[in-house]
Amino acid sequence: MTVTKHPILPPTIALPPIDKIHAAPIAKLFDCVCYLRLLYNPEVRGSRRVKRVKTLTPASISSYEATGAVRDEELELLRSDKFERSYAIRWLTALIAQIEFLELDSSLPDHSDDAPHEPTWESVIQTAASILAICAGSSASGSLTRSLRLGGGARSREVVVQLTDAPLENHDFGTVGVQTWGSACVMAEMVVDMPGHFGLDFAWGKGEGINVDSGSENVLRLLELGAGTGLVSLTLGKFFQGQAPQCAVDIIASDFHPSVLANLRTNIAANFLPSSSASRSITLSAGRLDWSDAMTSELLPAPFDKPFDIIFGADVIYEVDHALWIKECLKKLLKRPSPSPTFANVCGDIIPPPRFHLMTPLRPTHSLESSTIESVFPHLEHICGLSDQAPTLCISCKETILCEAEPGVAGEVEYAYYIIEWTI
């Protein structure tokens with residue numbers, strides 16, 4: 001079934017009157033709860049990958065700006081309207097009550113055999129109940145909790161992450177990390193779909209795994225810079241859970257703003273329980289890291305006093321100084337490559353080379369900030385063959401990833417994806 005694309009209307013106008021719910025056809029009711037899901041539990045814009053290309057082109061950015069920015073602003077204004085949210089709660093409550101009452105009377109026809117592609121009453125009530133929980137729960141105060149499902153296709157197992165996005169504090173730009181951005185969704189999806197690309201497939205085998213104490217050198221250390229809501233770090237933790245890792249995995253999600261860190265720790269607690277069976281070999285924690293400190297500090301405080309094997313960054317270049325600050329951080333945080341492997345796990349596999357994976361959106365309004373990446377980090381081919389070249393952090397790979405701006409809406413969102421690593 002194709003869900004009708006609504007114009008952006010308030011629930012008081014878009015929904016059938018409460019006293020007319022019983023007379024509305026099932027397709028109409030299903031369409032209505034899907035519209036409420038768009039309002040109160042939306043997908044992150046630009047998070048559905050379409051393809052990867054090697055050559056960067058700005059052609060689709062303008063279409064995203066035209067189709068996306070205005071619509072996002074309208075939805076955000078409507079989403080924050082307390083009266084409309086209150087009406088949506090009453091409407092959903094009435095819908096669930098009427099469907100349950102009619103089911104008790106066995107008055108509802110069963111369309112499952114006649115039209116298997118049409119919505120069922122069960123699907124309507126389940127969707128309505130989930131949206132009601134969101135509207136009446138944490139999002140009533142401005143926060144939004146959603147479950148993101150990653151992977152699950154023929155080549156990867158499904159990873160489910162629960163995320164809470166909090167409202168910005170008086171438009172404080174430093175708190176943008178309390179909300180989930182498309183770059184993090186794209187990178188998290190890639191982690192699940194292509195673990196070998198990130199060097200993550202070496203860390204487990206078919207056995208029962210091994211227990212490694214925190215003092216062992218046989219530890220894979222992963223870091224997310226500017227973690228925000230922590231989607232990438234949480235995906236890494238969920239990915240390794242149940243995989244019987246053959247080495248300990250230590251994941252640090254870092255940010256610097258107090259409100260962002262508080263929300264980040266809330267998300268970690270909601271997804272990664274210390275009592276889980278995988279916690280013997282997997283740890284996930286949040287830590288405060290101010291990138292500008294790396295410019296002046298010789299040593300960074302724990303847990304950043306030891307280098308990391310793999311570092312991730314999603315949408316972390318939004319000021320002109322950020323690329324330079326991050327480079328100074330990487331000098332202290334990204335493990336230096338060695339001609340011989342640091343360790344091999346019990347399966348005999350070798351750890352991957354230390355790398356920084358960076359995903360950044362190509363926003364016309366932030367083209368200057370984006371351009372600093374390639375001015376701060378040289379491309380590998382530009383420095384290869386130079387004599388007496390000291391180890392340098394350089395771009396070894398650059399791609400563009402195209403994503404749907406929104407299902408059913410024309411336009412694409414472009415992301416630049418970089419792999420940055422040490423030259424040897």
Side-chain angles (χ1 to χ4, degrees), residues 52 54 186-188 190-205 212 216-226 232-233 235-237 239-240 243 245-254 281-282 294 300 303-314 316-317 323 326-360 373-374 376-386 388-399 401 416-424:
R52 296 159 61 190
K54 291 291 185 181
V186 176
M187 182 167 283
M190 289 176 64
V191 164
V192 176
D193 289 345
M194 305 184 301
H197 175 77
F198 296 92
L200 300 175
D201 54 351
F202 85 98
W204 70 88
V212 182
S216 171
E217 291 296 324
N218 194 11
V219 178
L220 177 68
R221 281 172 56 81
L222 308 178
L223 170 66
E224 183 182 5
L225 296 176
V232 175
S233 295
T235 300
L236 289 166
F239 172 78
F240 280 113
Q243 296 278 16
Q246 299 300 299
C247 62
V249 180
D250 189 11
I251 306 167
I252 308 296
S254 68
S281 56
I282 302 171
L300 295 175
F304 309 107
D305 53 341
K306 296 179 181 179
F308 292 84
D309 297 285
I310 309 172
I311 301 179
F312 301 84
V316 293
I317 309 292
I326 287 175
K327 183 175 183 178
E328 293 302 312
C329 283
L330 294 178
K331 288 179 180 179
K332 296 177 173 64
L333 296 173
L334 186 62
K335 186 176 291 184
R336 301 290 180 114
S338 173
S340 60
T342 304
F343 66 85
N345 68 13
V346 294
C347 295
D349 298 316
I350 306 303
I351 62 170
R355 286 176 172 171
F356 173 46
H357 297 271
L358 172 63
M359 187 80 66
T360 189
I373 297 172
E374 295 182 49
V376 169
F377 297 98
H379 283 263
L380 177 61
E381 60 267 25
H382 295 161
I383 62 174
C384 282
L386 296 179
D388 300 325
Q389 176 66 47
T392 304
L393 287 164
C394 65
I395 298 170
S396 61
C397 178
K398 177 186 177 183
E399 294 182 359
I401 296 177
Y417 167 57
Y418 298 91
I419 296 178
I420 295 172
E421 56 188 303
W422 290 103
T423 59
I424 298 179

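In this structure a side-chain-to-backbone donor-acceptor pair under 3.5 Å is present from Thr423 to Thr392. Side-chain atoms of Glu224 come within 3.5 Å of backbone N or O of Ser233 as a donor-acceptor pair. A donor-acceptor distance shorter than 3.5 angstrom exists from the side chain of Arg221 to the backbone of Pro307, with no hydrogens or angles considered. With Lys327 contributing its side chain and Leu393 its backbone, the two residues share no donor-acceptor pair below 3.5 Å.
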Dump the intermediate steps for side-chain contact (heavy atoms from CB on, under 4.5 Å) on Leu225 and Phe312, then the final yes or no.
CA-CA 6 Å; Leu225 296 176; Phe312 301 84; over 6 Å; no
Would you check, one step at a time, whether the test side-chain contact (heavy atoms from CB on, under 4.5 Å) holds for Leu330 with Trp422?
CA-CA 10 Å; Leu330 294 178; Trp422 290 103; 5.9 Å; no
Lys306 and Lys335: CA distance, side-chain angles, deciding distance, side-chain contact (heavy atoms from CB on, under 4.5 Å) verdict:
CA-CA 8 Å; Lys306 296 179 181 179; Lys335 186 176 291 184; over 6 Å; no
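Residues Asp250 and Phe308 are not in side-chain contact: their nearest non-hydrogen atoms beyond the backbone lie 4.5 Å or more apart. A 4.5 Å side-chain heavy-atom check between Lys332 and Phe304 finds every atom pair outside the cut-off. At a threshold of 4.5 Å between non-hydrogen side-chain atoms, the residues Leu222 and Val249 count as touching. Counting only heavy atoms from C-beta outward, the side chains of Pro354 and Asp309 never approach each other to under 4.5 Å. In this structure, His357 and Tyr417 have side chains that are in contact, with non-hydrogen atoms separated by less than 4.5 Å. A heavy-atom distance below 4.5 Å is not found between the side chains of Leu300 and Asp305. Between Ile401 and Met359, the closest side-chain pair of non-hydrogen atoms falls below 4.5 Å. Put simply, the side chain of Ile310 does not reach to within 4.5 Å of the side chain of Phe356, judged on heavy atoms.
Between Ile311 and the choices Leu358, Leu334, Ile420, the side-chain contact (heavy atoms from CB on, under 4.5 Å) rule is met once, by Leu334.
The line from SG of Cys397 to CZ of Arg355 is 8.5 Å long, rounded to the nearest 0.5 Å. With values rounded to the nearest 0.5 angstrom, Ile419 atom CD1 is found 11.5 Å from Leu380 atom CG. For the atom pair Ile251 CD1 and Leu236 CG, the distance stands at 5.0 Å (nearest 0.5 Å). The distance from atom CE of Met190 to atom OG1 of Thr235, rounded to the nearest 0.5 Å, is 13.0 Å.
No donor-acceptor contact under 3.5 angstrom links the side chains of Tyr418 and Glu399, judged on distance only.
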